[in-house]
Amino acid sequence: MMLQGENILKQYHHKGGVINALDHVSFTVEKGDFVTVTGPSGSGKSTLLLSIFGLIRLSSGTIVFDGRRIDNINDRQLTAIRKISVGYILQGFALIPYLTTIQNVMIPLALEKVPGKEQVKRASEILDYVGLADRMEHLPGELSAGQQQRVAIARSIVHRPKIIMADEPTGNLDPSLSLEILDFLKKINQENNITIMMVTHSPVAAEYGTRKLHLNDGRIIKS
Amino acid sequence: MTISKLVFIELWKRKSQLITGLLAITLGIAVIVAIQSVSVVSEQNVARNLDNLGANILVLPQGASIDDYYTSDIDAPTLPMDYVERILNSTIAGVDNMSPKLTRRVKVGDQSVVLTGILPKSEIASKPLWQTSGLTGAQLTTACAPNKTANISHGLEDEKLKRKAIDTLYSDDCLAGSQVANRLKLRVNGRINIMGKEFKVVKILPETGTVDDDRVFANLKDVQKLLKIENQVSAIEIMGCCNAISEGLLSQLRNILPDTRVTTIGQIVSTQIETNHLMKKVTLVMLIIIFFVGGISIGNYIWANVNERKREIGMLRMMGADRSAIYKMFLLKALILGVAGGILGYLSGTLAGVVLGPYLAGIIVKPVFIYLLWSVLFSVAIALAGSLFPTYLAARFDPHTNLQED
């Protein structure tokens, strides 16, 4: 088992009372799974995605990743796990605007302190893999939305993570580009055996999942 | 790619922001360097001019007043001649010249005259007004070297070095003040009998408007023998560096001459000390203002930069950048701004001093290279101090804030 969540509770305290963003959620993810997490707005999808590797701290519950309990470790240890084992893809791409395509892709390698030449080699290979070999020196602003998301995907896999966490990766794309990106994620999942956990509100995107979680009001109502 | 390279690329790609960020710190440093460059030279000029006025420290016997010294009463206290040696053998810096003297009021016929024993070699140097008398001898060397950190290109010469000291004043010779010469109708090569000893008047001194006009000067050894006060003097006049006086020369002298009264010839020294203190205060006030203005300005710039790059910071934290990486990103940027601001500030301040110095203060200013080091250090301190809090906040950002903005 790659990832397991058990009785995950995330509460937000407001003046009006307590809101359970995640209400005793439990799930398991096997290596190589393509998990889609669906649900209406405010159902807790993104909260679940972000809380797994400590970007949002849980109120209670346990999370085990790759055989190690990670819900009770400190920020430094969680940061190290994210750096080595996790790739993130976000709806808004989150590319650094003043860096070229290849420089953006090299960032995870820089954080791991991979030597410069190795960084260039690996980033070039990945950009070739995502079909952007001819756009390496372009700035994000000079790329289309679909190309920018492919750069973000390249950045998320360049350091060979064990799992990719994707939060609405097609949310900013038109339907044809969305399918292109989803196909690409499927390809990564199948060819590289990288586990993917993807939050989406799109039924079409949800169909790409080999396992599907559906959340409503912070609870998993279908798995 | 490294975090450092990321910082350099960001600075390079956003040059206009970089210039804005640099402006306040550069101008601040430039103002300080310009003021300091000009004030050090003018301070030195004042010091030099005041030093050139002559002796400014008086060592008197304990219990003696300055009045005693000037009235030269018969029973005025004395101090041992060895004290001159004691000062010479000490490591005290800033003593340019010493004039030990023994002074007594004596009778010449029915006239009262002040007889003063002097060591000729040291005496003339301390009396600039005598320089016109045509007395000749070797040039003095000075212990009062210019401040090593100061701008030495002031274009003025130290007149002390040019003053002549008469090498000898023979035992039968004497110098007569203009007033006493007039009163006793003395002339050059004439004779004067003091307490049974005949002196030849070798020079009538020019009028100085001081008590010296009413004195007869003879060799100290002869006067001591004549007055039967062997190895004793009434006072030691010292030409001290004004800078050294303001930095504690008097207390150093008091330490090695505990049973004496060490006093300054007030107006000369206090003017210099006040000038020095005023310039130091002005510079200090400017430094404090610039520290706060520069620090707030840099802090504001870094805070704006942090806000602009929230998503970037969030993404980096998501990808595994720890807090130290965020600190490095912004503090390195502040360091670069500090170094650049220090160098540019030094260059502009020095240029302003060199160009404006002759017009505003009538002095020639040249670059003081040690200020480059101080400018960079000060500028870096301002930049780091100003950036610390915004950087701390940046490192504390919740990474997922990034996502919520999508």
Side-chain angles (χ1 to χ4, degrees), chain A residues 46-47 49-51 53-57 74-100 102-116 118-120 123 139 152 155-156 158-159 161 165 167-169 171-172 199, chain B residues 1-21 301-302 304-330 332-333 336-337 391-406:
Chain A
S46 292
T47 305
L49 193 88
L50 296 172
S51 61
F53 290 101
L55 294 167
I56 294 175
R57 283 293 190 169
N74 65 28
D75 184 62
R76 187 179 288 269
Q77 290 167 315
L78 278 166
T79 301
I81 288 172
R82 288 201 301 271
K83 182 162 64 181
I84 306 289
S85 306
V86 186
Y88 280 95
I89 303 169
L90 307 175
Q91 182 180 351
F93 322 135
L95 300 176
I96 297 177
Y98 53 85
L99 295 184
T100 61
I102 191 166
Q103 285 169 338
N104 265 292
V105 174
M106 285 193 291
I107 287 173
L109 303 175
L111 294 174
E112 278 189 59
K113 295 190 167 54
V114 172
E118 176 72 9
Q119 284 186 31
V120 173
L139 293 171
R155 184 179 63 187
S156 74
V158 72
H159 58 306
M165 310 295 273
D167 189 10
E168 303 274 14
N172 276 1
V199 164
Chain B
M1 175 65 59
T2 58
I3 293 291
S4 309
K5 193 173 176 190
L6 188 81
V7 173
F8 281 104
I9 294 172
E10 200 259 341
L11 278 169
W12 184 247
K13 292 278 171 73
R14 292 169 168 168
K15 284 191 275 287
S16 59
Q17 289 182 7
L18 171 69
I19 292 165
T20 314
Y301 165 70
I302 294 287
N305 193 244
V306 163
N307 274 309
E308 190 184 9
R309 297 167 72 189
K310 262 184 178 173
R311 287 163 56 82
E312 181 187 331
I313 296 164
M315 193 61 212
L316 286 169
R317 294 279 286 128
M318 252 186 184
M319 287 192 293
D322 54 17
R323 288 192 172 128
S324 66
I326 307 301
Y327 272 107
K328 188 175 175 184
M329 268 172 68
F330 289 98
L332 179 62
K333 185 170 183 169
I336 294 166
L337 283 175
T391 304
Y392 168 80
L393 294 178
R396 298 266 146 194
F397 273 161
D398 235 349
H400 79 273
T401 313
N402 181 348
L403 276 184
Q404 287 176 335
E405 287 173 1
D406 285 336

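Proteins get letters first, then strands, A, B, ... in listed order; numbering begins at 1 in each.
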* Side chain, backbone, both or neither: which part of B:Ile3 has a heavy atom under 4.5 Å from chain A? -> side chain

* To do: Could you look at A:Gln103 and say if it's the side chain, the backbone, both or neither that has a heavy atom under 4.5 Å from chain B?
  => both

* Atom group of A:Pro161 that falls short of 4.5 Å from chain B, counting heavy atoms -> neither

* To do: Would you please go through residues 10-17 of chain B and name the residues with a non-hydrogen atom below 4.5 Å from one of chain A, in numerical order?
  => B:Glu10, B:Lys13, B:Arg14

* **4.5 Å side-chain heavy-atom contact, B:Phe397 and B:Ile326** => no

* Between the side chain of A:Arg155 and the main-chain N/O of A:Asn104, is any donor-acceptor distance below 3.5 Å? -> no

* Taking A:His159 as the fixed residue, which of A:Leu109, A:Val105, A:Ile107 is the one that meets the side chain to side chain contact (heavy atoms under 4.5 Å, CB included) rule? -> A:Leu109

* Asked: For the candidates A:Ile81, A:Ile96, A:Ile102, which exhibits the highest count of non-hydrogen atom pairs separated by less than 4.5 Å from chain B?
  -> A:Ile96

* Asked: What distance do A:Met165 atom CE and A:Leu49 atom CG have between them, rounded to the nearest 0.5 Å?
  -> 4.0 Å

* **B:Asp322-A:Thr79 side chain donor-acceptor pair, cut-off 3.5 Å** => no

* Asked: Donor-acceptor pair, A:Arg82 side chain versus A:Tyr88 backbone, under 3.5 Å?
  -> no

* Asked: When only pairs under 4.5 Å are counted, which of B:Lys5, B:Met319, B:Arg317 shares the most heavy-atom pairs with chain A?
  -> B:Met319

* Asked: Does A:Leu78 reach the side chain of A:Arg57, with side-chain heavy atoms less than 4.5 Å apart?
  -> yes

* Structure fact -> Counting heavy-atom pairs under 4.5 Å with chain B, the top scorer among A:Val86, A:Asp75, A:Val114 is A:Asp75

* Rounded distance (nearest 0.5 Å) linking atom CD1 of A:Ile89 with atom CG of A:Asp167 -> 10.5 Å

* To do: Taking all heavy atoms of A:Tyr98 and all of B:Arg309, pick out the closest pair and write down the distance.
  => OH-NH2, 2.9 Å

